[in-house]
Student: 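Mind having a look at this structure? Questions to follow.
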Amino acid sequence: MQVTLRRIAHTRSGDKGNTSNIAVIAYEPDFYPVIERALTVAAMRGIYPEQAVRGAITRYAVEGLGVLNFVLEGALGGGVSRSLAIDNYGKALASAVLRFELEVPDAWAPRLRGPGLAAEE
């Protein structure tokens with residue numbers, strides 16, 4: 001079944017200068033391999049418009065914790081204190097990734113968090 005990432009993970013974010021850091025944290029250990037396969041650097045690049053992330057995106061896998069950590073360079077319009085784009089902070093970027101859609105086994109339905117399937121959201 002197709003669901004949004006928010007059904008199987010949550011995010012944390014931070015920003016420093018013009019770089020944003022987004023951690024995607026699986027709710028359950030079983031969810032992590034599906035996230036790891038689907039949420040590639042190319043997938044992350046596709047989530048944001050070209051003007052939102054102008055630099056490199058680097059992915060770090062923290063398998064023991066069920067976390068993917070992404071570093072997005074050139075993602076904050078010059079930096080939080082310099083940007084006129086008030087919503088271009090790490091929290092907004094982390095929230096956007098939760099709309100990413102991925103395929104999960106139908107058997108996971110009772111374990112999913114939050115409302116609705118991807119088609120219903």
Student: Which heavy atom of Ala61 sits nearest to which heavy atom of Glu36, and what is that distance?
Tutor: CB-OE2, 3.9 Å
Student: Determine whether Phe100 and Val24 make a side-chain contact, defined as any pair of heavy atoms from C-beta on separated by less than 4.5 Å.
Tutor: no
Student: Would you mind reporting whether Val62 and Leu68 have side-chain heavy atoms less than 4.5 Å apart?
Tutor: no
Student: Quick one: does Met1's side chain get under 4.5 Å of Arg7's, heavy atoms only?
Tutor: no
Student: Taking salt bridge (charged side-chain N to carboxylate O under 4.0 Å, His left out) as the definition, give me every residue that meets it alongside Arg12, ordered by chain and number, with sequence neighbours left out.
Tutor: none
Student: Do Phe70 and Ile57 touch side chain to side chain, with heavy atoms closer than 4.5 Å?
Tutor: yes
Student: Quick check: closest heavy atoms across Leu98 and Thr11, and the distance to 0.1 Å?
Tutor: CD2-CG2, 3.7 Å
Student: With the side chain counted from C-beta on, respond yes when Thr19 and Asn21 share a heavy-atom pair under 4.5 Å apart, and no when they do not.
Tutor: no
Student: How far does CG of Leu72 sit from CZ of Arg59, to the nearest 0.5 angstrom?
Tutor: 13.0 Å
Student: Could you check whether the rings of Trp108 and Phe31 sit parallel, tilted or perpendicular, using 30° and 60° as the cut-offs?
Tutor: tilted
Student: Do Leu102 and Val34 have side chains that approach each other closer than 4.5 Å (heavy atoms only, starting at C-beta)?
Tutor: yes
Student: Looking only at heavy atoms, which two atoms of Leu5 and Val97 are closest? And how far apart?
Tutor: CD2-O, 3.6 Å
Student: Under a 4.5 Å cut-off applied to non-hydrogen side-chain atoms, are Tyr32 and Asp30 in contact?
Tutor: no
Student: I need the Ile8 CD1 to Arg113 CZ distance, nearest 0.5 Å.
Tutor: 11.0 Å
Student: Count the heavy atoms belonging to other residues, nucleotides or ligands that lie under 6.0 Å from CZ of Arg99, then report whether that count exceeds 12.
Tutor: no
